[in-house]
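Below is one structure, written out as structure tokens, with a few remarks after it.
Just the heavy atoms: all of them, side chains too, but no hydrogens, waters or symmetry mates, feed the values below.
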Amino acid sequence: MCSEIFYNNEIKQSFINEKNSYKNKYFIESWFKKSAPFEKELDKDLCYWDVNDIISFYKLLNTSSYESLRSMHCIYSQYASFCIDNALLPVKTNNFLSVTNDMIAGCINKALAHQSIFDRDKFVSLIEELMNPRDQFVLLGTFEFGTSPDNAEIVNAKPSDLIKGEKGYTLKFDNREVKISDKLASIIKDCIATDVYYCFSDIDIVTRNLKNYGYLIKSYPNQNRTDISAYQNGRNIYNLSKKSFDYLGVPWMTLADVANSGKIYTLNMLAKKYNISVQEFIKSKDSEISAAREELENQYKWTSRWKKSFITKFHEYLV
């Protein structure tokens, strides 16, 4: 890590190294990155924060996820105790211990309640609160290339399906190849490298080992994916997504909502690219626009029948 990423970088690195049982330290590092601007603004390490500082920062995060905020709070509290126990900074009180679960819940942005359509930046920010690349892959993958029967494309995706070309990354499925962002490619690489799954308990973050059957989505040790049906494998992805939505504080969301958000975002970006409305993009007979439309239909496996019903249903989100 570069010295400017964390506030009091050396001390926070010591804490991260203390957590060497976590084979993937990404989420702890990401939480210290989030706190750094506020620490700099206050000109004090987070272990010095009083309760008002803590609550102000949590509200500033503007998150809809109570579980994510509670996970972060747990790590910050452990960090403050680490500084006190090891006399790394002249601090005597861990004020994170005075923050109750009700106080944490009061920092949640309730205005996000029941929002099911997200723009890309907000959605990426949302899934970055997830601790596991496997969960991030399921959600951002669905945003970027849609769903499939029994979630078969995500279920059966392998490391070798990730392809780096001259124009960026693609993911190759049995019957099609789709473009993916550098962000999703990075998450996929994390999936390949990670062999543990992180869960939050009331007092700490615990890990479960994952078993590698050669797919991007690795399995729990008690799951033998070769002995279950395509339907059950698909349900496992559905259950993963439900846990993610619950954790993120958006339990009403579905993978269909995620796919629709991705379609809306992509349609709007294409319309803006050609400086026309979505309606004009759908109807245009221009050869370049027609080619872009066909590429979009491949990306989300849309047929010509989707246009009218989709535009009617989501017209308020379209340019």
Side-chain angles (χ1 to χ4, degrees), residues 118 120 123-124 127 130 132-195 197 210-220 223-242 244-245 253-267 269-270 290-307 310:
F118 289 85
R120 181 180 172 85
F123 189 71
V124 169
I127 68 165
L130 295 170
N132 297 283
R134 183 173 75 160
D135 300 331
Q136 294 176 341
F137 168 56
V138 170
L139 296 193
L140 189 56
T142 300
F143 186 96
E144 292 195 5
F145 51 76
T147 58
S148 58
D150 293 328
N151 297 301
E153 290 179 333
I154 285 179
V155 166
N156 296 317
K158 300 179 179 66
S160 59
D161 293 334
L162 178 65
I163 301 170
K164 174 69 182 295
E166 292 182 1
K167 296 183 179 180
Y169 288 95
T170 61
L171 200 56
K172 187 174 178 59
F173 300 125
D174 286 344
N175 299 314
R176 64 185 182 128
E177 189 170 342
V178 297
K179 294 180 178 179
I180 64 170
S181 65
D182 290 347
K183 175 68 175 179
L184 182 54
S186 176
I187 290 171
I188 289 172
K189 291 175 184 178
D190 287 339
C191 285
I192 296 169
T194 302
D195 57 4
Y197 189 83
L210 294 174
K211 191 169 183 179
N212 187 357
Y213 287 98
Y215 299 93
L216 292 179
I217 300 293
K218 297 175 184 176
S219 304
Y220 296 130
Q223 290 179 330
N224 189 347
R225 58 170 287 161
T226 59
D227 292 339
I228 60 177
S229 66
Y231 170 78
Q232 187 56 55
N233 275 318
R235 289 298 295 181
N236 287 341
I237 298 299
Y238 168 82
N239 291 332
L240 277 180
S241 70
K242 283 298 295 177
S244 295
F245 293 138
M253 282 196 72
T254 66
L255 288 176
D257 292 327
V258 175
N260 286 333
S261 294
K263 293 169 186 175
I264 290 167
Y265 169 80
T266 307
L267 270 171
M269 289 300 100
L270 286 168
S290 295
R293 192 167 57 238
E294 289 177 8
E295 189 173 290
L296 171 68
E297 291 171 351
N298 172 72
Q299 187 76 10
Y300 289 100
K301 292 197 301 185
W302 273 351
T303 64
S304 58
R305 292 178 295 177
W306 65 266
K307 299 173 186 174
F310 189 87

Inset, instruction - Would you indicate whether Asn175, at its atom CG, is surrounded by more than 12 heavy atoms from other residues, nucleotides or ligands within a distance under 6.0 Å? - result: no
Inset, instruction - Could you tell me the separation between the SG atom of Cys191 and the CD atom of Gln136, rounded to the nearest 0.5 Å? - result: 8.0 Å
Legend entry - Side chains of Asn236 and Ile228 in contact at under 4.5 Å (non-hydrogen atoms): yes
Legend entry - side-chain hydrogen bond (donor to acceptor under 3.5 Å, both in side chains) against Lys183, all qualifying residues, sequence neighbours excluded: Glu128
Legend entry - salt bridge (Lys or Arg N to Asp or Glu O under 4.0 Å) contacts touching residues 140-149 (sequence neighbours left out): Arg120-Glu144
Legend entry - Backbone N/O of Asp182 and side chain of Ser186: donor-acceptor pair under 3.5 Å: no
Inset, instruction - Please list, chain by chain and in numerical order, all residues satisfying side-chain hydrogen bond (donor to acceptor under 3.5 Å, both in side chains) with Tyr300, sequence neighbours excluded. - result: Thr266
Inset, instruction - Check whether any side-chain heavy atom of Tyr215 lies under 4.5 Å from a side-chain heavy atom of Asp161, and answer yes or no. - result: no
Inset, instruction - Answer whether the closest heavy-atom distance between the side chains of Pro159 and Leu216 falls below 4.5 Å. - result: yes
Inset, instruction - State the CZ-OG distance between Arg134 and Ser219, to the nearest 0.5 angstrom. - result: 7.0 Å
Legend entry - Heavy-atom side-chain proximity of Asn132 to Thr194 below 4.5 angstrom: no
Inset, instruction - Under the salt bridge (Lys or Arg N to Asp or Glu O under 4.0 Å) rule, collect the residues that match up with Lys242, sequence neighbours excluded. - result: none
Inset, instruction - Work out which heavy atom in Gly146 is nearest to a heavy atom in Ala259; give both atom names and the distance. - result: CA-CB, 4.0 Å
Legend entry - Rounded distance [0.5 Å steps], NZ in Lys179 versus CG in Leu296: 11.0 Å
Inset, instruction - May I have the step-by-step check of side chain to side chain contact (heavy atoms under 4.5 Å, CB included) for Val138 and Val258, ending in yes or no? - result: CA-CA 10 Å; Val138 170; Val258 175; over 6 Å; no
Legend entry - Partners passing salt bridge (Lys or Arg N to Asp or Glu O under 4.0 Å) against Arg235 (at least two apart in sequence or in another chain): none
Legend entry - Check: Phe310 and Asn260 side chains under 4.5 Å, non-hydrogen atoms: yes
Inset, instruction - Applying side chain to side chain contact (heavy atoms under 4.5 Å, CB included), run through Leu240 and Tyr197 and close with a yes or a no. - result: CA-CA 12 Å; Leu240 277 180; Tyr197 189 83; 4.1 Å; yes
Legend entry - Distance (rounded to the nearest 0.5 Å) between Ile187 CD1 and Leu140 CG: 5.0 Å
Inset, instruction - Test Phe118 against Asp257 for side chain to side chain contact (heavy atoms under 4.5 Å, CB included), laying out the working first. - result: CA-CA 9 Å; Phe118 289 85; Asp257 292 327; over 6 Å; no
Inset, instruction - With sequence neighbours left out, write down each residue that passes side-chain hydrogen bond (donor to acceptor under 3.5 Å, both in side chains) with Tyr238, or none if nothing qualifies. - result: none
Inset, instruction - Could I get the full list of side-chain hydrogen bond (donor to acceptor under 3.5 Å, both in side chains) partners for Thr170, not counting sequence neighbours? - result: Glu177
Inset, instruction - Scan for salt bridge (Lys or Arg N to Asp or Glu O under 4.0 Å) pairs involving residues 146-157, sequence neighbours excluded, and state none if there are none. - result: Glu153-Arg176, Glu153-Lys301
Legend entry - For Glu294, salt bridge (Lys or Arg N to Asp or Glu O under 4.0 Å) partners two or more places apart: none
Legend entry - Lys263: partners by salt bridge (Lys or Arg N to Asp or Glu O under 4.0 Å), with sequence neighbours left out: none
Inset, instruction - Starting at CG of Leu255, measure out to CD1 of Ile154 and round the result to the nearest 0.5 Å. - result: 7.0 Å
Legend entry - Side-chain heavy-atom pair Leu139, Phe245 within 4.5 angstrom cut-off: yes
Legend entry - Asn151 side, atom CG; Ile217 side, atom CD1 - distance, nearest 0.5 Å: 10.0 Å
Inset, instruction - Say whether, by atom type as modelled, one donor and one acceptor occur between the side chain of Lys218 and the main chain of Ile192 under 3.5 angstrom. - result: yes
Inset, instruction - Apply side chain to side chain contact (heavy atoms under 4.5 Å, CB included) to the pair Phe123 and Ser261, showing each step before the final yes or no. - result: CA-CA 9 Å; Phe123 189 71; Ser261 294; 5.8 Å; no
Inset, instruction - Could you list the residues that satisfy side chain to side chain contact (heavy atoms under 4.5 Å, CB included) with Ser229, not counting sequence neighbours? - result: Tyr231, Gln232
Legend entry - Any residue meeting side chain to side chain contact (heavy atoms under 4.5 Å, CB included) with Ala185, in chain and number order, not counting sequence neighbours: Leu162, Tyr169, Ile180
Inset, instruction - Kindly assign one of parallel, tilted or perpendicular to the pair Tyr265 and Phe143, based on the angle between their ring planes and the thresholds 30° and 60°. - result: tilted
